[in-house]
Amino acid sequence: MKEEKANILLVEDEENLHETLKLNLEMEGYSVTSAFSGTQAMKIVSEEYFDLIIMDIMLPEMDGITVTENIRLDNNDVPVLILSAKNAGHDRVLGLKKGADDYLTKPFNLEELLLRIDKLIIKNKKISDKDFAFDTYSFDGNTIDFKAQEASLNNGDKVELSKKETMLLKLLIENKNQVVTREKILQSVWGYKVYPNTRTIDNFILNFRKYFETDSRNPKHFHSVRGVGYKYVD
């Protein structure tokens, strides 16, 4: 069993294959969420963080290529492995062009599938866990000490930061001038299987504005990007 369960969304409408895959993935220690149609998959992805999505192409309501494309349009960088009976070269190319990270044709070797899954999850985790280059960060008269979990503000005050405040600040600053998606925040700050609602993250951003902004009602540094995520601007 794996020390920490990775969370996989399995999107496959053929029930026997779905149950066989789910059973084998759970035996490997993965936590598996099921979807049997394209629209169901889209709804689940909008609500939860996943370490990997296994995606069939021929699905009811919305095909797997369209689902993958929509996931990428939402700036969600979750790895997608397409599992399909379509084995022509142009089908593979289309799947990869639309945002899939890997493409495996049916029938497949179970051991090969499990190896590909493991490699995609490890690769994504390494990207997510990249080292933060500094222990302190200063902007606009404020200084954040990430190790001490405290901040010196431009008005001379000091504030103690919670662990999650420190983690979220670090994530936003590490990706300054870029939108950090809600999914990425869920993964990096709250971890697996714990999903705060949007209001929770918004409250953290409001706190940052109170701490660091000259005018919290007209923020210069901490921004919410409706329907996508959050952004720090230097």
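Residues: numbered from 1 along the sequence shown.
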Worksheet item: How would you list, by chain and number, every residue that makes a side-chain contact (heavy atoms from CB on, under 4.5 Å) with Lys86, sequence neighbours excluded?
Response: Ile57, Met58, Ser84, Asp91, Tyr103
Practice prompt. Would you mind reporting whether Ile54 and Val80 have side-chain heavy atoms less than 4.5 Å apart?
Written response: no
Item to complete: Ignoring hydrogens and angles, state whether a donor on the side chain of Asp140 or Asn142 is under 3.5 Å from an acceptor on the partner side chain.
Response: no
Worksheet item: Do Phe212 and His221 have ring centres separated by under 6.0 Å?
Response: no
Worksheet entry | Stepwise side chain to side chain contact (heavy atoms under 4.5 Å, CB included) test for Val67 and Met55 | CA-CA 9 Å; Val67 175; Met55 182 77 66; 3.5 Å; yes
Discussion item. Please determine whether residues Phe36 and Leu81 belong to a single hydrophobic cluster, defined as Ile, Leu, Val, Met, Phe, Trp and Tyr linked transitively by side-chain heavy-atom distances below 4.5 Å.
Written reply: no
Worksheet item: Can a salt bridge be assigned to the pair Lys106 and Glu12 using a cut-off of 4.0 Å between side-chain N and carboxylate O?
Response: yes
Item to complete: Find out whether Asn175 and Lys231 are in side-chain contact, i.e. whether some heavy atom of one side chain is under 4.5 Å from a heavy atom of the other.
Response: no
Item to complete: Measure the shortest side-chain to side-chain distance between Lys22 and Ser34 over non-hydrogen atoms and say whether it is less than 4.5 angstrom.
Response: yes
Worksheet item: Which value, rounded to the nearest 0.5 Å, describes the distance between Leu9 atom CG and Ile71 atom CD1?
Response: 7.5 Å
Worksheet entry | Test item: Val159 and Glu150 side chains (from C-beta on) under 4.5 Å apart, heavy atoms | no
Item to complete: Evaluate the side-chain proximity of Asp63 to Thr66: yes if any heavy-atom separation is below 4.5 Å, no if none is.
Response: yes
Discussion item. Do Leu113 and Asn109 make a side-chain contact, defined as non-hydrogen atoms from C-beta onward lying under 4.5 Å apart?
Written reply: no
Fill in: is_close_aromatic(Phe204, Tyr230), centroid dist under 6.0 Å
no
Item to complete: Any chance you could measure Phe208, atom CZ, to Asn203, atom CG, to the nearest 0.5 Å?
Response: 11.0 Å
Worksheet item: Testing Glu26, Glu28, Met27 for side chain to side chain contact (heavy atoms under 4.5 Å, CB included) with Tyr30, which one passes?
Response: Glu28
Item to complete: Check step by step if side chain to side chain contact (heavy atoms under 4.5 Å, CB included) holds for Phe222 and Leu206.
Response: CA-CA 9 Å; Phe222 294 94; Leu206 288 173; over 6 Å; no
Item to complete: May I have the step-by-step check of side chain to side chain contact (heavy atoms under 4.5 Å, CB included) for Glu112 and Leu104, ending in yes or no?
Response: CA-CA 9 Å; Glu112 180 184 359; Leu104 187 61; 3.6 Å; yes
Worksheet item: Under 3.5 Å, is there a donor-acceptor pair between the side chain of Asn24 and the main chain of Thr20?
Response: yes
Worksheet item: Would you call the rings of Tyr232 and Tyr137 parallel, tilted or perpendicular, where under 30° means parallel and over 60° means perpendicular?
Response: perpendicular
Discussion item. With heavy-atom distances below 4.5 Å as the criterion, would you say the side chains of Leu83 and Leu21 are in contact?
Written reply: yes
Item to complete: For residues 92-104, pull every pair meeting salt bridge (Lys or Arg N to Asp or Glu O under 4.0 Å), keeping only residues two or more places apart or in separate chains.
Response: Glu69-Lys98, Arg72-Asp101, Asp102-Arg116
Practice prompt. Step by step, work out the side chain to side chain contact (heavy atoms under 4.5 Å, CB included) result for Leu171 and Ile185.
Written response: CA-CA 8 Å; Leu171 180 64; Ile185 292 172; 3.8 Å; yes
Practice prompt. Give a yes or no on whether the backbone of Pro219 and the side-chain of Glu213 come within a donor-acceptor separation of less than 3.5 Å.
Written response: no
Discussion item. When you measure from the side chain of Asp145 to the backbone of Ala151, do you find a donor-acceptor pair of N or O atoms at a distance under 3.5 Å?
Written reply: no
Worksheet item: If you round to the nearest 0.5 Å, how far is NZ of Lys119 from CG of Leu115?
Response: 7.0 Å
Discussion item. If hydrophobic clusters are built by linking Ile, Leu, Val, Met, Phe, Trp and Tyr wherever their side-chain heavy atoms come under 4.5 Å apart, do Val233 and Val179 end up in the same one?
Written reply: no
Fill in: Within-4.5 Å side-chain heavy-atom neighbours: Asp56 and Val11
no
Worksheet item: Where is the tightest heavy-atom contact between Gln149 and Ser162, given as atom of each residue plus distance?
Response: NE2-C, 3.8 Å
